[in-house]
Amino acid sequence: MSNAVSVLNGASFDGLAEVKDAGLVGMITLRGDLSSKALAKAVLNVTDCTIPDVRKVAAVNGNTVAWMSPDELLIVTDYQNVDAMVAKLSSALAGEHALVVNVSDARSMLTLSGSGTREVLAKVAPVDFSAEQFQPGDFRRTRLAQVAGAFWLGEAEQMHIICFRSVGQYVFDLLKVAAHSDAVVGVYT
């Protein structure tokens, strides 16, 4: 059996903000009725997180649950825990109209951190990143230039960015260009 590796294999770049490969990250797509008490109970019992509000994340004990759409959540956890978590969720949701899928190896995750984080991401995503409009715990699913992506603000100046694995290198390179020290725009600084 081969060893799993992230698409960027630990790559990083430091400029206006630090762009960094997050490594192997466990990710689960959970589709179902988000208003279902059984689904909410299963998510809470398995992740310690409640179902987040629209365009928000809930994070507890290393697990993050992100609102993806009116019938979809993304659960982010340690790569080693993902199969056990899928089994627990599937068991807890037996009889419910729900889908639980391990998508870890189909996705790539990057982090963007530092004082230029908002400015760097604003160059590639159509979102208002002002501190009043985009706060810790906020989540967006949108475009990163020419590809689909999603991100949330964790700590005050750290974005967690998810994209398809097949475009992970593209997104990393895109963020490197946007984070270049000669590319200061100064909108959010």
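For this chain, numbers begin at 1 and follow the sequence in order.
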Partners passing salt bridge (charged side-chain N to carboxylate O under 4.0 Å, His left out) against [X] (at least two apart in sequence or in another chain):
{"X": "Asp138", "answer": "Lys56"}
{"X": "Glu96", "answer": "none"}
{"X": "Arg107", "answer": "none"}

Taking side-chain hydrogen bond (donor to acceptor under 3.5 Å, both in side chains) as the test, write out the residues that go with [X], two or more places apart.
{"X": "Asn9", "result": "none"}
{"X": "Ser181", "result": "none"}
{"X": "Ser91", "result": "none"}

Arg55 and Arg141: CA distance, side-chain angles, deciding distance, side-chain contact (heavy atoms from CB on, under 4.5 Å) verdict | CA-CA 8 Å; Arg55 295 191 310 169; Arg141 185 176 184 181; over 6 Å; no

So, do [X] and [Y] sit near enough that their side-chain heavy atoms are less than 4.5 Å apart?
{"X": "Arg118", "Y": "Leu153", "result": "yes"}
{"X": "Val184", "Y": "Glu119", "result": "yes"}
{"X": "Leu34", "Y": "Leu73", "result": "yes"}
{"X": "Val76", "Y": "Trp152", "result": "yes"}
{"X": "Ile162", "Y": "Ser108", "result": "no"}
{"X": "Leu99", "Y": "Leu30", "result": "no"}
{"X": "Leu175", "Y": "Val124", "result": "yes"}
{"X": "Tyr170", "Y": "Val147", "result": "yes"}

Ring pair (Phe, Tyr, Trp, His ring centres under 6.0 Å) assessment of Phe129 paired with Phe151 | CA-CA 12 Å; Phe129 287 104; Phe151 45 83; 5.6 Å; yes

Please report the C-alpha distance between Tyr79 and Val25 in whole Å, then the side-chain angles of each, then the deciding distance to 0.1 Å, and finally whether the side-chain contact (heavy atoms from CB on, under 4.5 Å) criterion is met.
-> CA-CA 5 Å; Tyr79 189 80; Val25 177; 5.9 Å; no

Main-chain N/O of Glu157 paired to Thr117 side chain as donor or acceptor, under 3.5 Å =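 Yes, because the side chain of Thr117 sits within donor-acceptor range (under 3.5 Å) of the backbone of Glu157.
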
State whether the side chain of Asp128 and the backbone N or O of Ser130 hold a donor-acceptor pair below 3.5 Å, judged by distance alone.
->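 Between the backbone of Ser130 and the side chain of Asp128 there is a qualifying donor-acceptor contact (under 3.5 Å).
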
Linking I/L/V/M/F/W/Y whenever any side-chain heavy atoms sit under 4.5 Å apart, do [X] and [Y] land together?
{"X": "Val167", "Y": "Leu8", "result": "yes"}
{"X": "Ile161", "Y": "Val103", "result": "no"}
{"X": "Val187", "Y": "Met159", "result": "yes"}
{"X": "Val120", "Y": "Phe13", "result": "yes"}
{"X": "Leu110", "Y": "Leu121", "result": "yes"}

Taking atom [atom1] of [X] and atom [atom2] of [Y], what is their separation to the nearest 0.5 Å?
{"X": "Ser12", "Y": "Phe172", "atom1": "OG", "atom2": "CZ", "result": "6.5 Å"}
{"X": "Gln135", "Y": "Gln133", "atom1": "CD", "atom2": "CD", "result": "8.0 Å"}
{"X": "Asn61", "Y": "Asp78", "atom1": "CG", "atom2": "CG", "result": "11.0 Å"}
{"X": "Ser6", "Y": "Asp21", "atom1": "OG", "atom2": "CG", "result": "3.5 Å"}
{"X": "Asp71", "Y": "His97", "atom1": "CG", "atom2": "NE2", "result": "8.5 Å"}

Lys20 and Ser113: CA distance, side-chain angles, deciding distance, side-chain contact (heavy atoms from CB on, under 4.5 Å) verdict | CA-CA 8 Å; Lys20 188 174 180 182; Ser113 57; over 6 Å; no

Might you confirm whether atom NZ of Lys123 has over 12 heavy atoms from other residues, nucleotides or ligands at distances under 6.0 Å?
->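 It does: Lys123 NZ has more than 12 such atoms within range.
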
Take atom CZ of Arg165 as the centre, draw a 6.0 Å sphere, and report whether it contains more than 12 heavy atoms from other residues, nucleotides or ligands.
->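 Counting neighbours around CZ of Arg165, more than 12 heavy atoms of other residues, nucleotides or ligands fall under 6.0 Å, so yes.
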
Show the nearest heavy-atom pair for residues [X] and [Y], with the distance to one decimal.
{"X": "Thr47", "Y": "Asn63", "value": "O-ND2, 3.1 Å"}
{"X": "Ala17", "Y": "Leu112", "value": "CB-CD1, 3.8 Å"}
{"X": "Phe164", "Y": "Ala148", "value": "CE1-CB, 4.4 Å"}
{"X": "Ser104", "Y": "Met27", "value": "OG-N, 2.8 Å"}
{"X": "Cys49", "Y": "Ala58", "value": "SG-O, 3.6 Å"}
{"X": "Trp67", "Y": "Pro52", "value": "N-CG, 3.7 Å"}

Would you sort out whether Gln158 and Thr111 count as a side-chain contact (heavy atoms from CB on, under 4.5 Å), showing the intermediate values?
-> CA-CA 7 Å; Gln158 186 176 51; Thr111 58; 3.9 Å; yes

